[in-house]
Enquirer: 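Following this message is one structure expressed as structure tokens.
Values below: all heavy atoms of this structure, side chains included; hydrogens, waters and symmetry mates excluded. In the text below, chain A, chain B and the rest are named by the order of the sequence lines, each starting its count at 1.
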There are 2 protein chains.
Amino acid sequence: MSRCEQCIIREFSSLKALTRDELETISETKTHFIVRKGEILFLEGDNLNGVYCVKSGFCKLTKLNSNGKDTIIKLAKSGELLGQRSIINEETSNLTATALEDMQVCFIPKKEMLDYFSDNNKFSLLVTRDICNHLKDADKGLADHTHKTVKERLAIMLLKLEELGGVDPETKSLNIQLSREDLANMVGTATESCIRLLSDLKKEGIIQLSGKKIILVDKAELKNLAQ
Amino acid sequence: MSRCEQCIIREFSSLKALTRDELETISETKTHFIVRKGEILFLEGDNLNGVYCVKSGFCKLTKLNSNGKDTIIKLAKSGELLGQRSIINEETSNLTATALEDMQVCFIPKKEMLDYFSDNNKFSLLVTRDICNHLKDADKGLADHTHKTVKERLAIMLLKLEELGGVDPETKSLNIQLSREDLANMVGTATESCIRLLSDLKKEGIIQLSGKKIILVDKAELKNLAQ
DNA sequence: TTTTTTTTATGATAAATATCATATATTCTA
DNA sequence: TAGAATATATGATATTTATCATAAAAAAAA
């Protein structure tokens, strides 16, 4: 199994603040596994006994609504740590993580995370900053969902998907390919409304569609919509 | 000016983890002031040079939307610290704080907060947990705003206002009295829609209204609506 | 491949919510 | 206190968005 000291992915998260000694200890205790597309990493309400480090692939983090629908709260890609909040607060997870494509994931036990959080100041600062960034995004999302139209939120989401996953250099289409249903759940609208608005954007020449592939043609106009 | 060592309010925030020495230092450096109803503590985009400790009164934390409207992201009451995220992330504030009634506020400089964050593990853990709780609330709010109707969100908000500010023991009306406009901005709807739905709830015997005073009569039904 | 299932697409319609208009009540201010 | 300004209330209407229905396209399974 690969060693954390040699894993480049750690440079993208708070783990970069760990010392060589700490990384070696984590290497001994961590486990590594594959999650297939559609499989669940953890469920809302689960007691997490550690954090998940996404090595490759990406997943959606959702919250189950009383009407049985999932709301996608955010997406996570390689380099991100999942479950930090639950570990720090010693609470069950408030979100469900589901793979949107095959993923490689490492699991780092709670004990090590909490030990280093108290012993390594640089690490705890980075962990807290990471959580702060999530909070800032959530505040922004809340404001957007409160006063923006569905079309505006769709524009925001398309730009966010590009930022998060980038585009295929050949086809220029978004690397993150969501079903219309998932996209609708991120935007916070009905699937049909989402499809309809995508069609509108296509008719207006702002995006191109072919199957799940989406190309952002007129990004200036998208940004204008997103404001 | 009152000394932090003797201030009971600190027991309600992460400040309770500070040592006597640390509290004494803060007492020397902190400033204390009054913010009148409607006045602004800080603006979105402001560079905060410390955190604000709410000693009495409460305020709204808002985000300016591109359409010029404010979205109320949350309310803060006595005992809460404002501006922690900005200090930790060394970023400008992402929210505007406006007093909803006269407030007493202490300002604790950035330097002390950051020093104790690195030196006092108990303190940094509590600060991080506080931020984690805000994140959890924001995730919940995002899910609610995504799939719930305006009436359901109004019910949620009324219950939240009771939880946050309590009720007058005499009249049983909510202590936190918001304008219909502010309430609408928290729920995420038009002022008129908010007024209409309050009237509906009144007709259904779920709440009582007289001016800004709101009495939650049938809390079971409200909770049922809030789900 | 053929069949079945799922996803995407689009029209028709219903429901929810926003906007505009206006009246009344309340609060503020001179 | 009177008058002005603001907040609350409610009707009429417009707009947005969701739901239902159905068809075409794509993907999965036999």
Enquirer: Could you check how far CD of Gln177(A) sits from P of dT8(C), rounded to whole Å?
Expert: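 Taking atom P of dT8(C) as the reference, CD of Gln177(A) is at 11 Å.
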Enquirer: Determine, using ring centers only, whether Phe33(A) and Phe107(A) are less than 6.0 Å apart.
Expert: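 Not under 6.0 Å, so no.
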Enquirer: Step by step, work out the side-chain contact (heavy atoms from CB on, under 4.5 Å) result for Leu158(A) and Leu201(A).
Expert: CA-CA 11 Å; Leu158(A) 290 173; Leu201(A) 290 175; 3.9 Å; yes
Enquirer: Within a 6.0 Å radius of atom CD on Glu11(A), are there more than 12 heavy atoms belonging to other residues, nucleotides or ligands?
Expert: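 Yes, enclosed.
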Enquirer: Could you state the atom-to-atom distance from CG of Leu201(A) to P of dT10(C) in whole Å?
Expert: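 Result: 13 Å.
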Enquirer: Quick one: Lys202(A) NZ to dA9(C) P, roughly how many Å, whole number?
Expert: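 After rounding, the gap between these two atoms is 7 Å.
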Enquirer: Between dT8(C) atom P and Ile207(A) atom CD1, what is the distance in whole Å?
Expert: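 After rounding, the reported distance stands at 13 Å.
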Enquirer: Expressed as a whole number of angstroms, how long is the span from Glu192(A):CD to dA9(C):P?
Expert: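 So the two atoms are 12 Å apart, to the nearest Å.
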Enquirer: Are Lys55(A) and Ser2(A) linked by a side-chain donor-acceptor pair shorter than 3.5 Å?
Expert: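 There is such a pair (donor and acceptor under 3.5 Å, judged by atom type) between the side chains of Lys55(A) and Ser2(A).
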Enquirer: Is the CD atom of Gln227(A) crowded by more than 12 outside heavy atoms at less than 6.0 Å?
Expert: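 Enclosed.
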Enquirer: Could you tell me the separation between the CG atom of Asp200(B) and the P atom of dT17(C), rounded to a whole number of Å?
Expert: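 Interatomic distance, CG of Asp200(B) to P of dT17(C): 11 Å.
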Enquirer: Calculate the interatomic distance between Leu198(A) atom CG and dT8(C) atom P; express it in whole Å.
Expert: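 These atoms are roughly 10 Å apart.
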Enquirer: Tabulate protein N/O versus nucleotide N/O from nucleotides 25-30 of chain C, keeping only pairs under 3.5 Å, one per line.
Expert:
none

Enquirer: Quick one: is Thr189(B) getting a side-chain N or O under 4.0 Å of the dA18(C) phosphate, OP1 or OP2?
Expert: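 Result: yes.
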Enquirer: Taking atom types as modelled, is there a side-chain donor on Asp130(B) or Gln84(B) under 3.5 Å from an acceptor on the other?
Expert: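 Yes, because at least one side-chain N or O of Asp130(B) sits under 3.5 Å from a partner of the opposite role on Gln84(B).
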Enquirer: On DNA chain D, does the nearest nucleotide to Gly188(A) precede the nearest nucleotide to Ser193(B) from the 5' side, or the other way round? Give the residue.
Expert: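 Per heavy-atom nearest nucleotide, the more 5' residue is Ser193(B).
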Enquirer: Of the options Val35(B), Thr31(B), Leu82(B), which is the one that meets Val105(B) in a side-chain contact (heavy atoms from CB on, under 4.5 Å)?
Expert: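 Checked Val35(B), Thr31(B), Leu82(B) against Val105(B); only one passes side-chain contact (heavy atoms from CB on, under 4.5 Å): Val35(B).
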Enquirer: With distance as the sole criterion, is a donor-acceptor pair present between the side chains of Asn133(A) and Asn89(B) under 3.5 Å?
Expert: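 A pair is found: one side chain offers a donor N or O, the other an acceptor, under 3.5 Å apart.
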Enquirer: Compare side-chain N and O positions of Thr149(B) against OP1 and OP2 of dA16(C) and report whether any pair is under 4.0 Å apart.
Expert: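 So the side-chain polar atoms of Thr149(B) never come under 4.0 Å of the phosphate oxygens OP1 or OP2 of dA16(C).
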Enquirer: Answer yes or no: is there an ion pair linking Lys60(A) with Asp182(A), defined by an N-O contact shorter than 4.0 Å?
Expert: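 Salt bridge present between Lys60(A) and Asp182(A).
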Enquirer: If I take atom CD1 in residue Ile195(B) and atom C1' in nucleotide dA16(C), what distance separates them, rounded to the nearest angstrom?
Expert: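 After rounding, the reported distance stands at 18 Å.
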Enquirer: Hunt down the Watson-Crick or G-U wobble partner of dA30(D), both distances under 3.5 Å, from any strand shown, or write none.
Expert: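 Partner of dA30(D): dT1(C).
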Enquirer: Could you tell me whether Ser199(B) contacts a base, only the sugar-phosphate backbone, or nothing, with contacts defined as non-hydrogen atoms closer than 4.0 Å?
Expert: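 Sugar-phosphate, backbone atoms only, no base.
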Enquirer: With heavy atoms of chain A within less than 4.0 Å as the criterion, where does contact along DNA chain D begin and end?
Expert: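 Taking any atom under 4.0 Å from a heavy atom of chain A, the span is dT17(D) to dC20(D).
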